[in-house]
Number of protein chains: 2
Amino acid sequence: MRLVIARCQVDYAGRLTAHLPLAIRLIMVKADGSVLVHSDGGSYKPLNWMSPPCSLNVADPDDDAREDGVTSVWTVQNSKTDDRLVISIHDVIEDATHDLGDDPGLVKDGVEAHLQRLLAENVETFGVGWRLVRREYPTAIGPVDLLCRDETGVTVAVEIKRRGEIDGVEQLTRYLDLLNRDPQLSPVRGVFAAQEIKPQARTLAVDRGITCLTVDYDALRGVDDPSTRLF
Amino acid sequence: MRLVIARCQVDYAGRLTAHLPLAIRLIMVKADGSVLVHSDGGSYKPLNWMSPPCSLNVADPDDDAREDGVTSVWTVQNSKTDDRLVISIHDVIEDATHDLGDDPGLVKDGVEAHLQRLLAENVETFGVGWRLVRREYPTAIGPVDLLCRDETGVTVAVEIKRRGEIDGVEQLTRYLDLLNRDPQLSPVRGVFAAQEIKPQARTLAVDRGITCLTVDYDALRGVDDPSTRLF
DNA sequence: ACTTCGATCTCGTAC
DNA sequence: GTACGAGGTCGAAGT
């Protein structure tokens, strides 16, 4: 990884065009060739960047640029698209390179996929006698998270979210409209399951006859682990 | 901005939990207190980070950690939420601080707002004889991007997106429901215009009788009067 | 202050 | 490889 602190100007042309006026910034060149331009604020997103695969070319400025104080022009060109980042460097304040080696990568826990897997493996969370028809049941407008049958054999579409908001209720409503057109399945009822359901989403769901279920992720994970089972 | 190259382990606990095994990484501490942990690959997103407002506390490791080789423990705590990032530092390879000053910020061109302006100025893109009634036509549930009349005088509501997805079709549907209640306007038909329309969004739109149109931004900018361009 | 929505979204994952 | 949805999304514009 190469870290350069420099007074520079940056221009991006690709999916849009963007321009950064002259200022001191950090330019990070990663081992895979990607380039990030960071200022000393904001959040994790760089002001400008180029994603891999790309290549960096360093050239001398033309006469006009040299007169403006440019000492070096870095062109970062994406190898697949025609996206291009041009960094006009005026002054280099620091330039250091370090070998970081490979990164073992991030391990995450607690995202929606885990919740869906846990619920698929424990459909009795919804009620005794429930059966899973399939996970990611396909429809023309996208897959339904879980398709189940309840203890009476009625089909149930389950929408799972980490945080239940109105969008999720709308999504489930669309699925129910579509599924209920299929005489093989109809009537289909809906369950909206989330770790946390916003009051507005709950109100809308109930108004549409959709059952809401808040799920305790830690408790559900506990069900999976025999050592923590109560009996 | 402080740049530290260090062999470290990182743990995040907040909206999810995440863990980074021991490796050499770049730790960036920005002037606003935010912290970014980058590896030497991937794209612009850090492996882990803490957004402002937050504070950094440096402490000595406890005995267990010290035996594992930890020399210093950095705790970055968000001031608003209870999100917390814990960086266990084993070896510091470099530690440098630079004053970057304020950044004048990014100037962009080519985003959805520009697409809307271009289409408003070139309604014949939709068909010969079309007229623009107005841009941002106000309704009780928000403004319709473009309200037009087609060559037969029928009112058309146009929803514009850079990338057309299901949300946009839902939005247009709500506008059409509302506009069709107005006897002065009814019948109103819909056009969903985007640089790129996802198959699922297209399916839903067609099912609802909405016309889909993919727009070539560069071609449209080509027919545009150069004097009205941003740059 | 709060909400809504776009984004060079990025990133994972299923098909 | 492509397509789709989630995200510790971030950030800006409008209310």
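Because only heavy atoms are used, hydrogens play no part in the values below, and waters and symmetry mates are left out as well, while side chains stay in. The sequence lines fix the lettering, A, B, ..., with proteins before strands; numbering per chain opens at 1.
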* Structure fact -> Dot-bracket for DNA chain C, 5' to 3', Watson-Crick and G-U pairs with both distances under 3.5 Å, [ ] for crossing pairs, | for partner on another strand, reads |||||||.|||||||
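For B:Asp145 and C:dT4, the CG to C1' distance is 14 Å, given to the nearest whole Å.
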Just distance, no hydrogens or angles: give the donor-acceptor pairs under 3.5 Å from side chains in residues 23-42 of chain A, sequence neighbours left out.
residue, atom, partner, partner atom, Å
A:Arg25, NE, B:Asp103, OD2, 2.6
A:Arg25, NH1, A:Cys8, O, 2.9
A:Arg25, NH1, A:Pro21, O, 3.0
A:Arg25, NH2, A:Pro21, O, 2.7
A:Arg25, NH2, B:Asp103, OD1, 3.2
A:Arg25, NH2, B:Asp103, OD2, 3.3
A:Lys30, NZ, B:His38, ND1, 3.0
A:Lys30, NZ, B:Ser39, O, 3.2
A:Lys30, NZ, B:Gly41, O, 2.9
A:Lys30, NZ, B:Ser43, O, 3.4
A:Asp32, OD1, A:Ser34, N, 3.1
A:Asp32, OD1, A:Ser34, OG, 2.7
A:Asp32, OD2, B:Gly42, N, 3.3
A:His38, ND1, B:Lys30, NZ, 3.0
A:Asp40, OD1, B:Ala31, N, 2.6
A:Asp40, OD2, B:Met1, N, 2.9

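Residue A:Ser43 places none of its side-chain N or O atoms closer than 4.0 Å to OP1 or OP2 of D:dT9. OP1 or OP2 of D:dG7 sits under 4.0 Å from a side-chain N or O of A:Arg162. In this structure, A:Lys45 does not reach the D:dT9 phosphate: none of its side-chain N or O atoms is under 4.0 Å from OP1 or OP2.
Across C:dT10, D:dT9, C:dA7, the shortest atom-to-atom separation from the side chain of B:Val111 is found for C:dA7. Among the nucleotides C:dT10, D:dC4, C:dT8, the one closest to any side-chain atom of A:Asn48 is C:dT8. Here the nucleotide nearest the side chain of A:Lys161, chosen from D:dA6, D:dA3, C:dA7, is D:dA6.
Not a single donor-acceptor pair under 3.5 Å links the side chain of B:Thr97 to the backbone N or O of B:Arg2.
Residue A:Glu136 is out of contact with every strand shown, counting any heavy-atom pair closer than 4.0 Å. Residue contacts shown for B:Met50 include a base, since a base heavy atom lies under 4.0 Å away. Residue contacts shown for B:Arg202 are absent, as no nucleic acid heavy atom lies under 4.0 Å away. Using a 4.0 Å heavy-atom criterion, one finds that B:Ser51 contacts the bases of the nucleic acid, with or without backbone contacts as well.
Map A:Gln171 and A:Gly41 each onto its nearest nucleotide of DNA chain D; the residue landing nearer the 5' end is A:Gln171.
C:dC9 and C:dC5 have their C1' atoms separated by 13 Å, given to the nearest Å.
Taking a centre distance below 5.5 Å and an interplanar angle below 30 degrees as the stacking criterion, A:Tyr44 does not stack against the six-membered base ring of D:dC10.
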